Amino acid sequence: MARDPKYDVLFEPVKIGPKTLRNRFYQVPHCIGAGSEKPGMQAYHRAIKAEGGWAACCTEYCSISPESDDTMRVSARIWDDGDVQNLAAMCDRLHHYGALAGVELWYGGPHAPCHESRDQPRGASQIASEFESNIYPRYADKDDIKLLQQYYVDAAIRSRDAGFDIIYVYGAHSYLPLQFLSPWANKRTDEYGGSFENRARFWRESLEKVREAVGDTCAIASRFAVDTLYGDKGVELEKDGLRFVEYVDELVDLWDLTVGDIAEWGQNAGPSRFFEENHEKPFTGRIKPGNHTNKPVVGVGRIVSPDTMVAIINSGQFDIIGAARPSISDPFLPQKIEEGRLDDIRECIGCNQCISRWEIGGPPMVCTQNATAGEEYRRGWHPERFTKARNADKGVLVVGAGPAGMESAMILGKRQMSAVHLVEASNEIGGNVNWVSSLGHSDGRENIFRGTARGLGDWKRIVNYRQIQLDKLKNVEVHTGSRLTAQQVLEYGAEIVVIATGCHYSTDGLNSATHETIPGADALREPWQLTPEDVGLGRKEIGHRVLIMENEAYYMGVTLAQKLAGEGHEVFLLTHRPDLARYMDFTLEAPMMHRELHRLGVHMYLSTMIEEMNDGVVDAYNMWDPSHKERFEVDSVVLCTGRVSDDELYRELKADKEALEANGVEALYLIGDAAAPRMMVDCIFDGHRLAREIDSPRPAVPLPFIRERRLWGAADNRSYEEQLLGNVDVDPLPA
Ligand code: SF4
């Protein structure tokens with residue numbers, strides 16, 4: 001199919017300084033955990049998008065000096081020739097696929113803790129970071145300012161030598177140039193502080209110097225938070241925001257616009273439960289239509305709909321569609337629009353799992369929707385290409401159509417297995433996504449700067465995408481409303497059986513805090529006790545006063561508190577941890593969720609664990625001082641304590657090897673929550689991984705992956721990788 005002419009505008013080239021984008025699709029800088037130390041991951045992840053049609057792909061933030069070291073988080077670095085060599089691999093591969101390469105030059109000031117380099121960041125004023133713990137910058141005097149600006153120039157020259165086409169002087173997310181611009185961070189009284197012109201001086205001079213050094217060969221971009229959302233204490237759109245764009249417009253070739261700061265950068269990378277598509281428009285959408293710039297503008301907002309993209313271009317909001325998460329979720333998004341395959345687009349669900357692993361520090365990026373994200377090099381996975389399995393003549397039965405089962409059946413179908421049957425006990429595929437995606441709404445009131453508790457409805461895209469793909473695969477049959485017994489599985493006629501039967505919340509309070517059940521907990525028999533499924537599926541009456549015991553440290557407990565408080569219940573939320581829903585710090589949902597729970601009047605008890613419960617009387621104790629007790633008299637208790645795999649079918653089948661053999665079942669596998677309860681992103685990965693390796697010598701055990709590391713005593717690590725290339729189907733770097 002050809003593309004619909006209404007999308008033609010998206011494929012027009014755009015000139016940025018001395019360079020030209022082939023179309024309007026642009027992967028803005030975003031973190032993946034590769035940096036300069038994993039050049040293979042860096043090159044292959046970015047280049048997959050170039051292959052998929054993106055006109056430019058950028059690094060993540062790229063440190064210009066050991067004074068700007070973000071360890072434990074992983075940034076790119078361009079400190080020396082070694083970094084140039086490693087990042088050049090990314091540039092080469094992007095150029096091979098016809099895309100431009102961008103680098104985001106970064107100096108963090110006090111937000112860079114320098115835990116690896118043991119160096120010391122310099123800053124506009126000596127005020128500790130609100131993002132880091134106890135990190136103060138050294139006050140930058142005028143000599144220091146010259147040195148800092150030289151760091152930018154040196155890094156820009158190295159970037160040009162590496163092959164980058166677009167060079168950023170990055171100030172968004174409250175990094176150094178914006179620290180000088182913002183009264184929040186800049187308390188100086190010299191010519192670099194005070195008036196607007198003085199506060200803008202550092203950024204302006206840095207742009208001038210970088211432009212002078214490389215501006216004839218590279219496009220100069222600046223990423224700028226047009227409003228830091230601190231009111232008049234920071235950069236406000238109507239004051240410094242619009243004015244700064246006008247003030248330095250002649251010095252940039254491309255504006256990359258955002259909102260917010262680093263301490264709450266979820267206002268920029270907005271989770272879907274609080275922010276809809278193109279949520280930054282009230283801010284970033286003011287620059288171009290207001291004629292504050294003569295230069296091309298790129299902006300983001302988890303923009304996945306081609307119609308929204310066209311509206312953005314036609315309204316003049318942006319010239320270029322920026323994407324971080326939508327490009328991770330579907331690296332081939334432009335090509336699918338080009339080919340008129342809109343129903344094949346794997347839309348980002350806005351869960352921010354991708355961000356979470358970077359925030360944790362160390363692990364590579366993951367994606368709920370796209371299991372191949374971050375695996376392009378080390379496992380050789382391509383998001384759109386699937387080889388025919390060597391055992392494709394076998395029939396496969398997948399039992400359970402939750403995230404892991406759906407993904408596995410879909411990939412097995414794409415690997416051309418002769419017949420794949422996906423059999424689900426309930427009446428629709430999707431598993432727990434179906435009820436989880438109905439949660440997260442409160443009373444619909446705006447509760448934060450601009451976010452609204454709009455719920456987890458976008459998570460349903462996990463099911464929608466797979467449903468469409470499964471429907472298209474002629475070798476895959478989906479059967480719902482059929483709960484198979486072990487005997488039925490044996491007699492099904494499949495040579496390969498994959499069990500993906502999911503998990504359930506424990507009904508007895510088994511939890512991670514005590515490793516015990518909770519005395520008095522029995523949600524199977526007691527009508528006043530509920531599991532999260534009982535709440536989500538509306539299986540039991542809920543009284544007015546509700547206590548939620550939360551031991552998972554992620555979204556479920558707080559989401560149920562939000563739901564019930566929004567419906568008018570009085571909610572008591574207990575967690576054994578000293579913080580609430582810790583993992584939401586990493587997905588950037590935490591600040592907004594905290595505001596939401598406070599606004600809804602949820603009573604929160606940290607470091608508190610139930611001791612026992614009887615007839616609505618709940619006795620709890622403080623984790624640090626067990627002698628400190630608290631008694632709650634409530635109508636209902638929700639046990640969000642722990643989960644248990646539904647693996648009985650697997651255990652029964654596995655126990656009778658003779659029956660398996662007699663019925664021609666050659667292989668039996670266990671995946672997803674049924675193997676071990678986990679996050680959806682990891683369930684989907686598990687299902688994908690098994691299907692990718694279904695023809696490996698031992699599919700139950702993952703094949704080794706390329707570890708980008710230096711081998712002691714070796715000049716480089718290629719020999720180890722070359723060994724693995726026999727197992728991993730990685731395209732060689734282009735000549
Ligand atoms: Fe989108 Fe979630 Fe994938 Fe991130 S992990 S790109 S938010 S689907």
Side-chain angles (χ1 to χ4, degrees), residues 25-34 41 45-46 48-49 52 54 57-58 60 265-280 300-305 308 321-334 336 344-360 363-376 381 383-384 403-404 406-407 410 430 433 436-437 440 451 454-466 469 554-555 583-590 592-593 678-688:
F25 296 94
Y26 186 101
Q27 182 242 280
V28 296
H30 73 75
C31 301
I32 59 173
M41 179 184 178
H45 175 75
R46 308 295 179 187
I48 279 285
K49 301 176 188 182
W54 299 83
C57 297
C58 302
E60 61 272 67
W265 72 284
Q267 297 286 337
N268 171 221
S272 63
R273 65 184 302 154
F274 294 111
F275 296 100
E276 60 190 1
E277 187 179 47
N278 197 19
H279 70 280
E280 296 180 22
V300 296
R302 202 171 55 87
I303 302 160
V304 294
S305 158
T308 305
I321 303 299
R325 292 170 294 169
S327 73
I328 299 167
S329 180
D330 198 335
F332 278 64
L333 192 155
K336 289 174 183 176
D344 285 336
I345 294 173
R346 213 168 27 248
E347 293 177 314
C348 168
I349 68 167
C351 61
N352 283 4
Q353 281 288 348
C354 46
I355 291 163
S356 72
R357 303 296 161 102
W358 170 79
E359 280 281 357
I360 289 168
M365 181 188 62
V366 297
C367 175
T368 302
Q369 280 284 63
N370 175 13
T372 69
E375 307 293 349
E376 300 88 353
W381 290 357
E384 304 296 323
M406 287 188 295
E407 178 77 5
M410 178 181 76
V433 181
V436 166
S437 59
R454 54 188 297 273
L456 297 174
D458 285 1
W459 290 22
K460 191 69 192 278
R461 292 172 175 175
I462 292 172
V463 185
N464 297 344
Y465 168 74
R466 286 163 184 81
Q469 297 299 303
Y554 186 26
Y555 72 93
Y583 202 84
M584 289 176 108
D585 287 340
F586 307 131
T587 58
L588 313 183
E589 295 163 291
M592 290 159 280
M593 181 55 85
R678 63 193 93 176
M679 296 179 187
M680 283 179 201
V681 62
D682 296 314
C683 285
I684 290 172
F685 174 84
D686 200 24
H688 190 106

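Atoms within a ligand are numbered from 1 in the order they appear, just like the ligands themselves. The structure displayed is predicted, hence computed values, not measured ones.
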For T372, run the side-chain contact (heavy atoms from CB on, under 4.5 Å) check against E384, H45, H688 and tell me which one passes. H688
Would you please name every residue forming a ring-ring contact (aromatic ring centres under 6.0 Å, His included) with F25, sequence neighbours left out? F11, W54
Interfacing atoms of ligand 1 (cut-off 4.0 Å, heavy-atom, G350): 1 (Fe), 7 (S)
Between CZ on residue F586 and CZ on residue R357, distance to nearest 0.5 Å: 10.5 Å
To check you understand the geometry: which heavy-atom pair defines the closest contact between Q27 and K49, and what is its length? OE1-NZ, 3.3 Å
Decide side chain to side chain donor-acceptor pair (under 3.5 Å) for S356 and E359; before the verdict, give the C-alpha distance in whole Å, the side-chain angles of both, and the deciding distance to 0.1 Å. CA-CA 5 Å; S356 72; E359 280 281 357; over 6 Å; no
Could you enumerate the protein N, O or S atoms under 2.8 Å from atom 3 (Fe) of ligand 1, written like residue then atom name? C367 SG
Using a strict 4.0 Å threshold on nitrogen-to-oxygen distance, state whether R302 and E347 make a salt bridge. no
